[in-house]
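Each remark here refers to the structure printed beneath this line.
So that the names make sense, note that chain A is the first sequence line, chain B the second, and so on, each numbered from 1.
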2 protein chains.
Amino acid sequence: MKLLTRNTDYAVRALSYIAMEKGKTVTAAELSEELKISWSFLRKILQILSREGLVFSIKGKGGGFKLAQPADRIFLLDLINIFQGLVRLNTCITNNKACPNIRICILKKKIDIIEDSIISELHPITLKTLLNEQNDVIQNELLNMQTR
Amino acid sequence: MKLLTRNTDYAVRALSYIAMEKGKTVTAAELSEELKISWSFLRKILQILSREGLVFSIKGKGGGFKLAQPADRIFLLDLINIFQGLVRLNTCITNNKACPNIRICILKKKIDIIEDSIISELHPITLKTLLNEQNDVIQNELLNMQTR
DNA sequence: ATTAATGATACTATAATAGTATCATACTAA
DNA sequence: TTAGTATGATACTATTATAGTATCATTAAT
Ligand code: FES
Ligand code: FES
């Protein structure tokens with residue numbers, strides 16, 4: 001049971017990298033090189049991100065990818081939805097039609113609660129969140145070195 | 001992304017049924033019949049439950065299964081662990097060795113928090129919980145009918 | 001002995017994830 | 001206008017996880 005599959009994970013890495021390049025276009029080759037991710041696989045991911053409107057793509061020489069939206073509008077949940085579908089923990093087998101066991105339904109209700117809590121924890125996470133917290137970590141590192 | 005796979009789900013159903021029969025042995029055939037679950041598949045599940053010490057099995061004519069532990073000692077989390085492995089949302093790709101992207105690690109920390117919250121929500125759920133809440137639901141139904 | 005039950009184990013099927021390859025298209029620059 | 005470099009669309013393959021089946025051995029009751 002994974003929360004993120006590999007393509008979502010790679011998408012986050014790629015988008016983070018692109019975001020760092022503030023407007024400069026980044027090619028799939030560069031990303032693949034820097035992030036050590038298979039070029040073909042990454043290309044597929046980027047094509048999806050482009051189709052879904054998260055990045056803007058430029059073809060041909062000098063082309064590549066840019067963020068199509070500001071980092072605080074790129075939500076982790078959107079990436080999850082794109083690459084993994086909706087967060088639905090509860091695959092009801094009988095779809096409420098003649099559930100053979102009311103106890104199971106009670107359990108499913110509990111699972112729905114868990115699902116809601118996952119979603120509300122994921123909801124506020126954007127690309128910007130991740131980039132900012134990184135800066136915080138680095139700031140702290142520097143501070144520690146100074147006071148030592 | 002499912003929280004419970006089919007075998008865990010079936011295990012819950014089977015254990016619930018067995019629990020209702022207060023000490024009487026229940027055969028795989030009866031369970032399969034009543035719960036509308038494939039006999040072969042259910043048998044495999046029961047064999048695992050038996051091997052793991054959750055049910056006590058009696059071979060031969062008149063045999064079958066009984067709970068090997070009181071219902072309040074059969075934890076949903078144990079079933080999940082048995083049939084699906086540990087609840088680990090966070091499959092780190094590089095295992096903290098030269099993580100190529102500190103932002104990802106920040107994300108992973110958030111995922112760990114989510115994982116903890118799932119576990120703490122699952123932790124108190126036992127077979128007894130499910131059986132009791134079922135009774136509560138039925139009690140309420142009866143009450144509603146009376147006051148109507 | 002026969003029948004009815006589970007134990008152990010190996011096998012098959014399906015679906016989800018992960019990854020690769022190919023050709024078409026667009027843009028740039030010489 | 002052509003060579004080179006980039007993405008777009010799409011189809012294909014590989015691997016893993018889940019789901020499900022089948023077979024034979026063993027045990028117990030009658
Ligand atoms: S209706 Fe789906 S489990 Fe009860
Ligand atoms: S160490 Fe695993 S993602 Fe950073």
Sequence neighbours left out, what passes ring pair (Phe, Tyr, Trp, His ring centres under 6.0 Å) with F56(B)? Give chain and number order.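 F56(B): no ring pair (Phe, Tyr, Trp, His ring centres under 6.0 Å) contacts found.
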Would you mind listing the cluster partners of W39(B)? Hydrophobic ones only (ILVMFWY), side-chain contacts under 4.5 Å, chaining allowed.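 Members besides W39(B): none; it forms no cluster.
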Could you work out the complete set of other residues in the hydrophobic cluster of I113(B), with links drawn between I, L, V, M, F, W and Y side chains under 4.5 Å apart? none
Rounded (10°) bend between the five-pair end axes of the helix from dA1(C)-dT30(D) to dA30(C)-dT1(D): 10°
Check whether any side-chain N or O of T5(A) sits under 4.0 Å from OP1 or OP2 of dA16(C), and answer yes or no.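 Checking dA16(C) against T5(A), no side-chain N or O comes under 4.0 Å of OP1 or OP2.
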Could you check whether T27(B) gets within reach of a base, just the sugar-phosphate, or nothing at all, counting any heavy atom under 4.0 Å?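 The residue T27(B) makes sugar-phosphate contact but no base contact.
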Base, sugar-phosphate, or nothing: which does A28(A) touch, judged by heavy atoms less than 4.0 Å apart? sugar-phosphate
Looking at DNA chain C, which of residues 74-85 of chain B put a heavy atom within less than 4.0 Å of it? none
Kindly write out the residues that satisfy side-chain hydrogen bond (donor to acceptor under 3.5 Å, both in side chains) with E30(B), not counting sequence neighbours, or none if the list is empty. Y17(B)
Please list, chain by chain and in numerical order, all residues satisfying side-chain hydrogen bond (donor to acceptor under 3.5 Å, both in side chains) with S32(A), sequence neighbours excluded. none
Are any of the side-chain nitrogens in K108(B) or D112(B) under 4.0 Å away from the carboxylate oxygens of its partner? no
Enumerate the ring-ring contact (aromatic ring centres under 6.0 Å, His included) contacts for residues 18-38 of chain B, please, sequence neighbours excluded, ordered by first and then second residue.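 For residues 18-38 of chain B, and leaving out neighbouring residues, there are no ring-ring contact (aromatic ring centres under 6.0 Å, His included) pairs at all.
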May I have the list of side-chain donor-acceptor pairs in residues 57-86 of chain B shorter than 3.5 Å, sequence neighbours left out?
unit_1 : atom_1 : unit_2 : atom_2 : d
Q69(B) : NE2    : G53(B) : O      : 3.3
N81(B) : ND2    : L77(B) : O      : 3.3
Q84(B) : OE1    : T5(B)  : N      : 2.8
Q84(B) : OE1    : T5(B)  : OG1    : 3.3
Q84(B) : OE1    : T8(B)  : OG1    : 2.5
Q84(B) : NE2    : L3(B)  : O      : 2.9

Roughly, in whole Å, what's the span from CD1 in I45(B) to C1' in dT18(D)?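 It works out to 12 Å between those atoms.
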Could you state the atom-to-atom distance from CG of L31(B) to C1' of dT6(C) in whole Å? 13 Å
Taking only N/O atoms, report every protein-nucleotides 8-11 of chain D pair under 3.5 Å with atom names and distance.
unit_1 : atom_1 : unit_2 : atom_2 : d
dG8(D) : OP1    : S50(A) : OG     : 3.0
dG8(D) : OP1    : S57(A) : OG     : 2.6
dG8(D) : N7     : Q47(A) : NE2    : 3.1
dG8(D) : O6     : R43(A) : NH2    : 3.1
dA9(D) : N7     : Q47(A) : OE1    : 2.9

Residues which pass salt bridge (Lys or Arg N to Asp or Glu O under 4.0 Å) with E33(A), listed by chain and number, not counting sequence neighbours: none
Summary of salt bridge (charged side-chain N to carboxylate O under 4.0 Å, His left out) pairs that have at least one residue in residues 115-130 of chain B, sequence neighbours excluded: R88(B)-E115(B)
Go through dT3(C), dT6(C), dA18(C) for me and flag the one nearest to the K61(B) side chain.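 My answer, after comparing the listed nucleotides, is dT3(C).
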